Amino acid sequence: MVARKLSSFSSMENFGKQRPSVYIDPESDIFEELQYLEINAAKTDCVGCINLKIFASSAKKQQLKTFNDIKGLIQQGKKREVKLIIRENAWPVNATIRSQLWPALCSQHQQGKNMLDGFYWDMVNQAFGTTELPEKPIMLPPFVDSTHCLPYHLTKKGRAVADRVVSVLGFASPEISYSPTLYPITAILLHFMSEEECYHCVTSLVAAKDKVFITQTKMLYECTWKTVMQIAKKYAKNSVLYLQRLSQNQKAERIFMDWCWWILGGLPFPHLVRVMDCYFHEGIKVFYRVALAILILFHKHVQSSTESEWSADSIKNDIDNAIPKFCKQIPVSPLKLMRTAFNIRALSSSYITRIFIKTEMLLKSKSVCSGNKQLVRSRSTDNLPTSQSQINIQMMSHTLTIRELFTLWSWLPVRITMYQPVLLYTTEEHGCSLTTFYIRVEQHEPTLLMIKTCNNEVFGAYLSTRWYERNLKDDKGHRQAYFGTGESFLFSLYPERARYQWVGIDSDKNVDHSCELFMAADNKMLTIGGGDGQAIWMDENIRFGKTDRCKTFNNPPLCESGDFEIRVLEVYGFSGA
C-alpha cells in the first residue's frame with residue numbers, strides 16, 4: 001500500500017518542524033512492479049508537492065545510506081567519500097534524511113564561527129520589529145528577481161517565511177547586488193527544515209569561499225550562462241549544433257541565458273531535490289553538469305520522438321521554450337538524469353573554473369551587453385579605487401604610488417574592486433618572520449602581496465586562495481603541496497608594468513599539471529608559481545628571495561638579477577570580501 005501524509009501547520013512554531021509533501025511507505029514493494037507512481041496531493045493549506053511523478057528503478061531495491069552513515073565522513077572531512085555516497089544514493093523526495101543532511105552539507109562551507117542560537121530571530125527583530133509574520137507582503141531586497149520567486153508548492157504562509165528569510169539576508173548582506181537564484185534555493189530548503197536552519201544554510205552558501213554556490217552580482221550571473229554555453233559547445237556539441245541550426249544562430253545565445261531555470265524552474269520536484277542533494281555538497285558545478293545532461297537528453301529525445309510537438313518545425317517556431325518544456329516533461333528518472341550528468345567524461349572543475357575566469361575577464365574588459373540590456377554599472381565595474389581606498393593606500397603603503405595603485409586596481413577581479421583594502425602585514429611594523437606572516441595573513445582571501453627590493457624594484461602577486469590551505473590534506477591524508485586557482489596573477493610595477501595571468505586562461509584545452517602550481521608554503525619558505533622554476537620564492541626570514549620564469553604564469557623573472565633582497569613586504573586583504 002501507498003500511504004499519504006499531508007502536513008498542516010497550526011502555528012509558526014510548527015513551521016518547518018513537520019515534514020511536508022508526500023509520504024511513501026518505504027517497505028512497499030510497489031516500486032518493483034510499476035515504472036512510476038503518480039501522486040496528486042489535495043489542495044489544502046499545507047505545504048505539499050502537487051502532481052509529483054515519482055520514478056522508481058526496476059532494479060533490485062538498494063539499501064539507502066542513513067544520515068549517521070554520512071555524518072562521520074563529513075566530520076572527518078572526507079569530502080570525496082561523501083560526494084560518491086550522495087551521487088549514488090537516490091533517496092525518495094520525501095526522505096527525512098534531508099532534514100539533517102542538507103544543514104550538515106551547507107555548514108561545511110561556513111566561514112567563521114557558528115551562529116549562536118537565536119541569532120536569526122534577533123536579526124528578524126532588528127529588521128521588522130517583531131518575530132510575528134506580517135499580514136502584508138514583505139518588500140523583497142532589490143537583488144531578487146520577482147519573475148523567478150519560485151515557491152515550489154509552499155503555502156501562503158510558507159511563501160511569507162521564504163520572503164522573510166531572503167529579506168533578513170538582504171538586511172545582513174548589503175553587498176549582494178543581484179542574485180535571482182537565492183529565493184528559489186531558500187524555498188527548496190524550507191521543505192526540509194525550519195526557518196532558522198534555512199537562514200543558516202543560505203548564509204553559509206552565500207559566504208562560501210572554496211566553492212561557488214550563489215552568484216551575487218549581475219556580471220557574475222552573466223558569467224554563468226556564458227560559461228555553460230562555452231562548455232556545452234565542447235561536451236554537448238551535437239545538441240548545441242542542433243539548436244544553432246534551428247535558431248539560425250539568431251537566438252542560440254538567448255537560449256543559454258535561462259540555463260539555470262531549466263533546472264530550478266523546469267525540472268519536476270523529485271528531480272530537482274536529487275540535484276540539490278549534490279549541489280549542497282559540490283557547488284554550482286553540479287548545475288553545470290545537469291544543464292549539459294539536459295541538453296544531451298533533449299537532443300536524444302527529439303531525434304527519436306515521432307510526436308509532432310517535438311518535430312524540427314515545432315521546435316523552431318518556439319525555440320525559446322523548447323528546453324524548458326522538455327524539462328517539465330522530462331522522460332527519464334532522477335537517477336538517469338544524474339547518471340547522465342556525472343558520466344560526462346573529462347569535464348574537470350579546473351576546466352570549468354578556467355572558462356569562468358576567462359569569461360569574467362572578457363566581460364570586464366569589453367563591458368559586454370546582456371541581450372539588449374546593458375549591464376548595470378556600479379562603482380566596482382569602473383575599475384577605479386574609491387577615494388577612501390586611495391586614502392587607505394597612501395596612509396598604509398611603503399611601496400605604492402597612486403599611479404601604481406590605479407594600474408593595479410584595473411587588474412583586480414571586478415567583484416574585489418568594491419571592497420576597501422586593509423593592510424594585514426608589513427615588515428615595517430610586524431617584523432621579518434614567516435610565522436608572523438601566517439598568523440596575520442593565512443585566514444584571508446583574496447590577498448595582494450607586494451615586494452619592494454633593495455634595488456627599488458616593485459612586484460608581487462594577487463592570490464585568490466588563503467595561505468591556510470597549506471595545512472589541508474587530500475583524500476589520502478597527505479598535505480597538498482600546491483593550492484590556489486587560476487584567478488591568481490603576477491605583476492610587476494617598477495621598473496616595468498606588466499601583468500602575467502595564468503596560462504590556462506588563454507587555452508581551451510586542459511593544461512598540464514605543471515601549469516597549475518599556484519601557491520605553496522611551509523615553515524621554511526613560501527612559493528608562488530611553479531613548473532621549471534618559481535615565479536616568487538622567499539625564505540623563512542622574509543629577507544632574501546629569487547624569481548624565475550615558471551610554467552604556471554609564463555612570466556619572465558620579475559627583477560633583473562633573479563635574486564633579490566627584500567626591503568619591504570606588504571600584504572593587503574579586502575574588508576568584507
Side-chain angles (χ1 to χ4, degrees), residues 389 392-401 404-405 408 412 420-472 479-484 488-496 500 517-530 533-550 552-553 555-575 577:
S389 294
N392 289 353
I393 292 291
Q394 282 181 307
M395 291 178 64
M396 295 184 294
S397 182
H398 294 268
T399 61
L400 276 178
T401 66
E404 288 169 340
L405 169 64
L408 193 52
L412 294 176
Q420 300 296 343
V422 178
L423 183 62
L424 302 175
Y425 172 83
T426 172
T427 51
E428 294 287 287
E429 295 179 25
H430 305 121
C432 299
S433 163
L434 208 50
T435 302
T436 307
F437 172 93
Y438 291 140
I439 290 171
R440 299 192 62 86
V441 168
E442 66 178 8
Q443 294 293 353
H444 294 266
E445 69 177 31
T447 53
L448 198 60
L449 184 145
M450 309 272 305
I451 295 171
K452 187 172 186 177
T453 72
C454 290
N455 293 328
N456 290 324
E457 297 138 327
V458 178
F459 56 87
Y462 171 82
L463 303 164
S464 62
T465 304
R466 57 185 182 154
W467 285 103
Y468 182 78
E469 300 283 319
R470 75 190 190 283
N471 297 318
L472 300 186
R479 285 179 65 171
Q480 52 187 351
Y482 279 89
F483 51 94
S488 301
F489 62 83
L490 303 174
F491 59 84
S492 171
L493 291 174
Y494 185 83
E496 295 183 359
Y500 306 100
L517 308 178
F518 300 105
M519 303 161 65
D522 58 27
N523 294 332
K524 298 293 183 182
M525 64 86 202
L526 175 153
T527 295
I528 301 167
Q534 297 162 322
I536 298 176
W537 178 93
M538 293 190 303
D539 68 3
E540 61 185 309
N541 297 315
I542 311 184
R543 183 178 177 189
F544 296 106
K546 61 182 179 179
T547 172
D548 295 308
R549 182 180 299 275
C550 76
T552 303
F553 300 104
N555 60 286
L558 298 174
C559 67
E560 187 175 358
S561 65
D563 296 316
F564 57 87
E565 185 175 355
I566 298 170
R567 174 178 289 176
V568 181
L569 172 71
E570 297 175 347
V571 182
Y572 293 89
F574 297 87
S575 180

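For the numbers below, each heavy atom of this structure counts, side chains included, while hydrogens, waters and symmetry mates do not. On a predicted model such as this, the values are computed, not experimentally measured, just so you know.
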(request) Please lay out, stage by stage, how Leu408 and Leu448 fare under the test side-chain contact (heavy atoms from CB on, under 4.5 Å). (result) CA-CA 10 Å; Leu408 193 52; Leu448 198 60; 3.4 Å; yes
(message) Evaluate Phe553 against Ile536 for side-chain contact (heavy atoms from CB on, under 4.5 Å), listing each step before the verdict.
(response) CA-CA 11 Å; Phe553 300 104; Ile536 298 176; over 6 Å; no
(request) Take Phe437 and Leu569, measure what side-chain contact (heavy atoms from CB on, under 4.5 Å) needs, and give me the verdict at the end. (result) CA-CA 10 Å; Phe437 172 93; Leu569 172 71; 4.1 Å; yes
(request) Show your reasoning for whether side-chain contact (heavy atoms from CB on, under 4.5 Å) applies to Ile451 and Met538. (result) CA-CA 10 Å; Ile451 295 171; Met538 293 190 303; 4.0 Å; yes
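Rounding to the nearest 0.5 Å places CD of Glu445 at 13.0 Å from OH of Tyr468. Distance check, rounded to the nearest 0.5 Å: NZ of Lys524 to CG of Asp539 gives 10.5 Å. Note that SG of Cys454 and CZ of Arg543 are 8.5 Å apart. Values are rounded to the nearest 0.5 Å. Put simply, CZ on Arg470 and CE on Met519 are 10.0 Å apart, with the number rounded to the nearest 0.5 Å. The OG1 atom of Thr547 sits 10.0 Å away from the CD atom of Gln534 when rounded to the nearest 0.5 Å. In this structure, the separation between OH on Tyr500 and CZ on Phe489 is 12.5 Å, given to the nearest 0.5 Å.
Heavy-atom minimum distance, Gly484 versus Ser464: C-OG, 4.5 Å. Minimum heavy-atom separation, His430 to Leu424: CE1-O, 3.8 Å. Residues Thr447 and Val441 share a closest heavy-atom pair of CG2-CG1, 4.2 Å. Contact between Ala535 and Cys550 at its shortest, heavy atoms only, is CB-SG, 3.8 Å. Here the closest heavy-atom approach between residue Phe459 and residue Cys559 is recorded as CE2-CB, 4.0 Å. Nearest approach of Asp522 to Tyr438, heavy atoms of both residues: O-OH, 2.7 Å.
Asn541 places no side-chain N or O within donor-acceptor distance of the main-chain N or O of Leu434, the cut-off being under 3.5 Å. The closest donor-acceptor contact from the side chain of Tyr425 to the backbone of Gly431 lies under 3.5 Å. Proximity of a side-chain donor or acceptor of Ser488 to a complementary backbone N or O of Phe518 within less than 3.5 Å is not detected.
Within the 4.5 Å cutoff, side-chain heavy atoms of Met450 are placed close to those of Val458. Between Asp548 and Trp537, every side-chain heavy-atom pair lies at or beyond the 4.5 Å cut-off. Contact annotation: the side chain of Thr427 never approaches that of Arg567 to less than 4.5 Å [non-hydrogen atoms, C-beta and beyond]. Under the 4.5 Å side-chain criterion, counting only non-hydrogen atoms from C-beta, Tyr572 is not in contact with Tyr462. Put simply, the side chain of Glu570 reaches to within 4.5 Å of the side chain of Leu423, judged on heavy atoms.
For CD of Glu496, the number of neighbouring non-hydrogen atoms (other residues, nucleotides, ligands) closer than 6.0 Å is 12 at most. More than 12 heavy atoms of other residues, nucleotides or ligands sit less than 6.0 Å from atom CD of Gln443. The local environment of OH in Tyr494 is sparse, with at most 12 non-hydrogen atoms from other residues, nucleotides or ligands closer than 6.0 Å.
The residues Arg466 and Glu442 are annotated as not salt-bridged, no charged nitrogen and carboxylate oxygen being separated by less than 4.0 angstrom.
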